[in-house]
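Structure first, then comments.
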There are 2 protein chains.
Amino acid sequence: MAVTIKDIAKYAGVSVTTVSRALNGYPDVSEETREKIKKIAEELNYSPNSIARGLVTNKTHTVGLVVSELIKPGAYHPFFLEILAGIKAGLRKDKYDLILYTVDPASQDVTPYEKLCNDRKVDGAIVEGLKLSDPYIEEIKNTDIPTVLIDIPILNDKVGYVSSDNVQAAFEATSYLIKLGHKNIGFINGHNDAAVSFERLEGYKKALYKNNIPYKDEYVVFDDFTQDGGYNCFRKMIFENPEITAVFHASDLMAIGSLKAAQDLGMRVPDDISIVGFDDIELSSLITPDLTTIRQENYKIGYMAARHLVSIIKGEKPKHIVVPHRLVIRQSAKKI
Amino acid sequence: MAVTIKDIAKYAGVSVTTVSRALNGYPDVSEETREKIKKIAEELNYSPNSIARGLVTNKTHTVGLVVSELIKPGAYHPFFLEILAGIKAGLRKDKYDLILYTVDPASQDVTPYEKLCNDRKVDGAIVEGLKLSDPYIEEIKNTDIPTVLIDIPILNDKVGYVSSDNVQAAFEATSYLIKLGHKNIGFINGHNDAAVSFERLEGYKKALYKNNIPYKDEYVVFDDFTQDGGYNCFRKMIFENPEITAVFHASDLMAIGSLKAAQDLGMRVPDDISIVGFDDIELSSLITPDLTTIRQENYKIGYMAARHLVSIIKGEKPKHIVVPHRLVIRQSAKKI
DNA sequence: GAAAGTCACCAAAACGTTTCGGATACATCA
DNA sequence: TGATGTATCCGAAACGTTTTGGTGACTTTC
């Protein structure tokens, strides 16, 4: 039998109203009795029943984290942990709890976004790793549940988003390759079902244009962000366009796939071909040659998403937050 | 204004009692009215308020996942995601929600385990990644909150645990090296603050003993499970005992650290020195040479932990569940 | 034909909070 | 003096469920 506000009231000889007001820092209660109540609460080891509180306030001090099926055996999200750690850190200050939803497409028809959030009475949600074609996306465009998306540009009265400046990042990576003397630069992009793919393509094109290098459709291929995707794309691209001397990738996993493919083809990296990735996952610095890539501050992305979400919950206006990236120069790209 | 059980009652011309009983599959309500009520609930898009329900039933259908500060920038838990994915899968059937606690030692004094769980009214918790010296451990030994630990042997009325058979696994790994002809086998173990370290040491000793190889204290060192730990231990061990031809490790990260150290010392793996790891993290198959190691089925460990937890919540007796491991033979160990 | 059993339903309490609308006692003001 | 203000407190309603202990009406049993 946990101790309730009633026990305290009885003990202190006051009403439950007064106990509630005292403990929650309201006025209308003398300092003297407030201290007495606090002391008793302390002694009885009282802690408020969050469920009961939630029932009346309609707030749970809990936010949801919605990730897609990216957490599944054999295809683990490469930097989910970093984002998660950032989110937890961002939530800590305001003492929000985090409840984790992993949605698999099979059950999404059954449980739409709003139902998911309402059933569990979360005060808001962070959404990460959804594809553009995901049914949740349309729903989120019109929701009034405080929501912050990661890497998905939606903005309205209650929803904001945070991301890197993907256009600029891709621009810098490509420009770097150009500066190294490369002219025939391939781009192995992510699938069309991610907003970042379009942005990164734009940055790639921009860099070519600025340096008067003609854009060629056949130098750009799309695939999912995985290692296998990179492996296959690279083989095909190099086979059809042997003049290519450098390849920029929309993910490190794909870059690593290319690296393997190159090695299997007897090409040396970076001597025969330069490779640049995107993300700077942990693995990138551990392989040989280690990967030149764009570092995304995923911890910070998570942190900012969390901070922004609580600000939206508190009534502030949603916005687009961009967190800085930077080009990390290692061994996989070389001057020609 | 969400639709409540009252609205349905009014609409159907019955009492709220009847609606509740109808919807929850109790007897005492005719099939006819049950169908009517269900239909109305459907039409009104009713979904029960879990908070209100939780208040009266004192159950939330939520479990906590307690992990230590392992999720922090720069030191991400190498297989947490696999465990997490397994847990989520194990919870899905019974529709338990998961709320994530990351405890940092700083706040543990302030928030003891039971308070953590009670405040949020979880029905039970899974605990992972805690050190033996963690204050929570003592508390959990006597708790009556349904709890399942991973890799920490505590068993009582409400708490069980799941782990690999670490003794056997270490035994197999060491035996494998012996079978390859190695006699001077080092063991870079994890720190003393983990139960698995003792078990793995026991397995290592057992294998030596069975093969009539004398155990030497100086062949065994302890450190944390990290790459840096492995790196430093390896240098020291080889420097002081150059006759060693093989090293078994309590984690893949440490094995990779040794691998780097060996390379920096101009030793070739596996030609000059054989290396065996433990865990089979993703990275292990991607490095060169890829790592011979003990595969832990972390997804399954998570899954079993979740299943066992719900069974404890439902009143079954806690036990120790051991999930199978297996020796994965790759390139980092070689016959001499 | 009375007692007992069954079926379908309901009113009200309970869970532990917060909050609204007073109420009391005393001091202050014109 | 009467009115007004202020500080401190309280009773009761409300949140949306589940559950307890009924109550009639109708059947069955002896």
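Computed over heavy atoms, backbone and side chain alike; hydrogens, waters and symmetry mates excluded. In what follows, chains carry the letters A, B, and so on, assigned in the order in which the sequence lines appear, proteins first and then strands, with residues in each chain numbered from 1.
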Legend entry - Whether B:His320 and B:Tyr161 hold their rings parallel, tilted or perpendicular, with breakpoints at 30° and 60°: parallel

Inset, instruction - Figure out the NE2/C1' separation between A:His61 and C:dT17, and round it to whole Å. - result: 16 Å

Legend entry - Distance in angstrom units between A:Asn49 CG and C:dG16 P, rounded: 7 Å

Inset, instruction - Check every atom of C:dC9, C:dT19, D:dG16 against the side chain of B:Thr4 and return the nucleotide holding the closest atom. - result: D:dG16

Legend entry - Nucleotide C:dA8, atom P - distance to NZ of B:Lys36 in whole Å: 14 Å

Inset, instruction - Starting at atom NZ of B:Lys59, determine the distance to atom P of D:dT19, rounded to an integer number of angstrom. - result: 11 Å

Inset, instruction - Can you spot which of A:Ile145, A:Thr147, A:Ile152, A:Asp134 makes a side-chain contact (heavy atoms from CB on, under 4.5 Å) with A:Ile140? - result: A:Thr147

Legend entry - Closest-nucleotide 5' rank along DNA chain C - winner of B:Val29 and B:Val56: B:Val29

Inset, instruction - Answer yes or no: does a side-chain N or O of A:Thr33 lie under 4.0 Å from OP1 or OP2 of D:dC9? - result: yes

Legend entry - Side-chain N or O of A:Thr18 closer than 4.0 Å to phosphate OP1/OP2 of D:dC10: yes

Inset, instruction - Give the intermediate values and the outcome of side-chain contact (heavy atoms from CB on, under 4.5 Å) for residues B:Asn24 and B:Arg53. - result: CA-CA 12 Å; B:Asn24 290 316; B:Arg53 173 180 288 166; 3.7 Å; yes

Legend entry - Verdict with reasoning, A:Lys39 to A:Glu42, per salt bridge (Lys or Arg N to Asp or Glu O under 4.0 Å): CA-CA 5 Å; A:Lys39 200 172 144 224; A:Glu42 178 87 12; over 6 Å; no

Legend entry - Under 3.5 Å donor-acceptor pair, A:Thr17 side-chain atoms to D:dA12 base atoms: yes

Inset, instruction - Report yes if a side-chain nitrogen or oxygen of A:Tyr46 is closer than 4.0 Å to either non-bridging phosphate oxygen (OP1 or OP2) of C:dT17; otherwise report no. - result: yes

Inset, instruction - For C:dT18, take OP1 and OP2 only and decide whether either is under 4.0 Å from a side-chain N or O of A:Ser20. - result: yes

Legend entry - d(CG, B:Asn118; P, C:dC15) in whole Å: 17 Å

Inset, instruction - Report the residue (B:Gly13 or B:Leu55) whose heavy-atom-nearest nucleotide on DNA chain C is the more 5′ of the two. - result: B:Gly13

Inset, instruction - Starting from P on C:dG16, measure out to CD1 on A:Ile5 and report it in whole angstrom. - result: 11 Å

Legend entry - Value in whole Å for how far the P atom of C:dT18 lies from CD1 of B:Ile51: 14 Å

Legend entry - Residue B:Lys300 excluded, over 12 heavy atoms near NZ under 6.0 Å: no

Inset, instruction - For A:Val16 and for A:Glu31, locate the closest nucleotide of DNA chain D by heavy-atom distance; then report the residue assigned to the nucleotide nearer the 5' terminus. - result: A:Glu31

Legend entry - N/O (side chain, B:Tyr26) to phosphate O (OP1/OP2, D:dT19) under 4.0 Å: yes

Inset, instruction - Measure from the side-chain heavy atoms of A:Asp28 and tell me the nearest of D:dC9, D:dT20, D:dT17. - result: D:dC9

Inset, instruction - Classify the nucleic acid contact of B:Pro27 as base, sugar-phosphate or nothing, counting any heavy atom under 4.0 Å across all strands shown. - result: nothing

Legend entry - Distance test, side-chain N/O of B:Thr57 to OP1/OP2 of D:dT17, below 4.0 Å: no

Legend entry - NZ/NE/NH1/NH2 to OD/OE distance under 4.0 Å, A:Glu138 and A:Lys141: yes

Legend entry - Whole-Å distance separating the CZ atom of A:Arg21 from the P atom of C:dT17: 16 Å

Legend entry - A:Asn24 side-chain N/O to C:dT18 phosphate OP1/OP2 under 4.0 Å: yes

